[in-house]
Protein chains: 2
Amino acid sequence: MLRISKLADYGTIVLTAMAREPAWTFSAAELALRTGLPAPSVSKILKILLRQGIVVSLRGANGGYRLARSPAEISTVQILNALDGPLGVTECSASPGLCKREAHCGTRAHWHMINRVVLQALEHITLQQMIDPGRPRLDVLRPAWRAARSAEVSP
Amino acid sequence: MLRISKLADYGTIVLTAMAREPAWTFSAAELALRTGLPAPSVSKILKILLRQGIVVSLRGANGGYRLARSPAEISTVQILNALDGPLGVTECSASPGLCKREAHCGTRAHWHMINRVVLQALEHITLQQMIDPGRPRLDVLRPAWRAARSAEVSP
DNA sequence: GCCATATAGGACCGAAGCGGTCCTCTTTAA
DNA sequence: TTAAAGAGGACCGCTTCGGTCCTATATGGC
């Protein structure tokens with residue numbers, strides 16, 4: 001486990017396809033064709049992304065979808081949040097207050113720390129990075145690391 | 001999502017309880033009592049951890065479970081692997097070769113990078129760290145960061 | 001030698017989540 | 001007016017997971 005859902009996985013594939021031509025308006029059918037994903041699923045994903053403000057739509061003939069922002073302004077954490085709901089390594093990371101054990105749970109703080117690191121990492125990986133050619137570099141996570149550290153000092 | 005299973009969550013709670021007295025042999029019932037978790041679940045978890053070599057058992061009267069190694073030698077990644085199976089942020093991170101899209105999937109390399117960071121982080125957070133008093137420090141993840149970076153240079 | 005205690009292993013079940021499909025309604029360009 | 005395309009939701013089947021229980025086996029104490 002510790003896995004994202006299939007929907008979120010598909011979502012990033014669809015969005016990276018769109019990010020390669022940010023100005024273009026894609027129909028759901030065309031995106032399904034380009035990505036090789038099942039058309040109904042692609043359609044479903046786009047509708048969710050629309051409601052979350054990640055894509056915009058044009059209805060009617062010759063309609064379709066476009067990215068709502070530039071690829072550099074769409075991070076993976078936004079995509080996962082949209083398609084998988086609030087993400088947290090443990091339940092108490094995602095929705096604090098739900099677990100009764102919280103008060104005297106020794107592991108909680110550590111899961112929160114791990115969660116913060118993961119979140120910051122996802123925050124700094126954008127669609128732009130995803131479509132940049134060449135091997136991905138861990139260096140893009142440096143700001144994430146710094147952000148997580150400063151969050152630690154002043155919570 | 002991007003969440004660990006409840007079983008794995010419970011597992012870390014049980015193991016941290018054991019880690020506070022590493023020499024002691026706990027019966028499953030006693031651990032259930034100490035942690036406040038349902039006894040059948042605790043028993044099930046311990047049986048899995050036994051098969052994975054994380055705890056050792058003593059059968060018969062006055063029997064019970066003990067950590068197989070020192071708390072400093074048991075990392076969270078071992079616990080999650082034991083209780084949740086091989087972990088990967090995406091399916092292709094956990095079991096490469098299963099996804100047909102791999103060859104021409106532009107997002108895969110990035111998920112692998114994220115996965116590597118998460119894995120290394122979990123690798124460096126041990127039961128010892130979990131029971132150390134005081135707020136957890138991100139500094140414990142420094143070696144994880146370095147390890148992930150060196151893995152990038154020589155895959 | 002017997003019995004109480006504890007683990008070992010697996011079977012079993014109910015609930016929930018999720019992936020996937022389909023249908024109907026609305027909008028808009030030609 | 002019609003065809004194309006999105007909007008929204010209903011629906012269903014499968015899988016997975018959490019949880020429980022039962023039986024067999026081992027061992028220490030009497």
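Note on naming: letters A, B, ... go to the chains in the order of the sequence lines (proteins, then strands), and numbering restarts at 1 for each one. Just so it is clear, the values below take in all heavy atoms, side chains as well, and ignore hydrogens, waters and symmetry mates. As the structure is a computational prediction, the values presented were derived from the model and not from experiment.
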What is the distance from [atom1] of [X] to [atom2] of [N], rounded to the nearest Å?
{"X": "A:Arg66", "N": "D:dG6", "atom1": "CZ", "atom2": "P", "answer": "13 Å"}
{"X": "A:Glu30", "N": "D:dA4", "atom1": "CD", "atom2": "P", "answer": "15 Å"}
{"X": "A:Leu83", "N": "C:dG20", "atom1": "CG", "atom2": "P", "answer": "13 Å"}
{"X": "A:Leu49", "N": "D:dG8", "atom1": "CG", "atom2": "P", "answer": "13 Å"}
{"X": "B:Leu58", "N": "C:dA6", "atom1": "CG", "atom2": "C1'", "answer": "10 Å"}
{"X": "A:Tyr65", "N": "C:dT28", "atom1": "OH", "atom2": "P", "answer": "14 Å"}
{"X": "A:Arg3", "N": "C:dG19", "atom1": "CZ", "atom2": "C1'", "answer": "15 Å"}
{"X": "A:Asp9", "N": "C:dG20", "atom1": "CG", "atom2": "C1'", "answer": "16 Å"}

Using modelled atom types only, decide if a donor and an acceptor are shared between the side chain of [X] and the backbone of [Y] within a distance under 3.5 Å.
{"X": "B:His110", "Y": "A:Gln129", "value": "yes"}
{"X": "A:Ser43", "Y": "A:Ala28", "value": "no"}
{"X": "B:Thr107", "Y": "A:Ile13", "value": "no"}

No-hydrogen, no-angle side-chain donor-acceptor test under 3.5 Å, B:Ser5 and B:Asp84: yes

Within the structure shown, what part of the strands sits under 4.0 Å from B:Ala28 by heavy-atom distance: base, sugar-phosphate, or nothing? sugar-phosphate

Hey, does B:Leu50 reach any base, or is it just sugar-phosphate, or nothing, if we go heavy atoms under 4.0 Å?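 Sugar-phosphate, backbone atoms only, no base.
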
List the atom of B:Pro86, the atom of B:Asn81, and the distance in Å for their closest heavy-atom pair.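 The answer is CA-OD1, 3.3 Å.
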
Can you see which heavy atom on B:Val55 is nearest to which on B:Met18, and at what distance?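 So the minimum-distance heavy-atom pair works out to CG1-CE, 4.1 Å.
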
Below 4.0 Å: OP1/OP2 of D:dA7 and any side-chain N or O of A:Ser43: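 So the side-chain polar atoms of A:Ser43 never come under 4.0 Å of the phosphate oxygens OP1 or OP2 of D:dA7.
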
Is A:Arg51 close enough to D:dG9 that one of its side-chain N or O atoms is under 4.0 Å from OP1 or OP2 there? yes

With sequence neighbours excluded, tell me which residues meet salt bridge (Lys or Arg N to Asp or Glu O under 4.0 Å) with B:Glu30.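 B:Arg34.
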
Using a cut-off of 4.0 Å between protein heavy atoms and nucleotide atoms, how would you tag nucleotides 14-27 of chain D 5' to 3' with B, S and -? ---SSBB----BBB

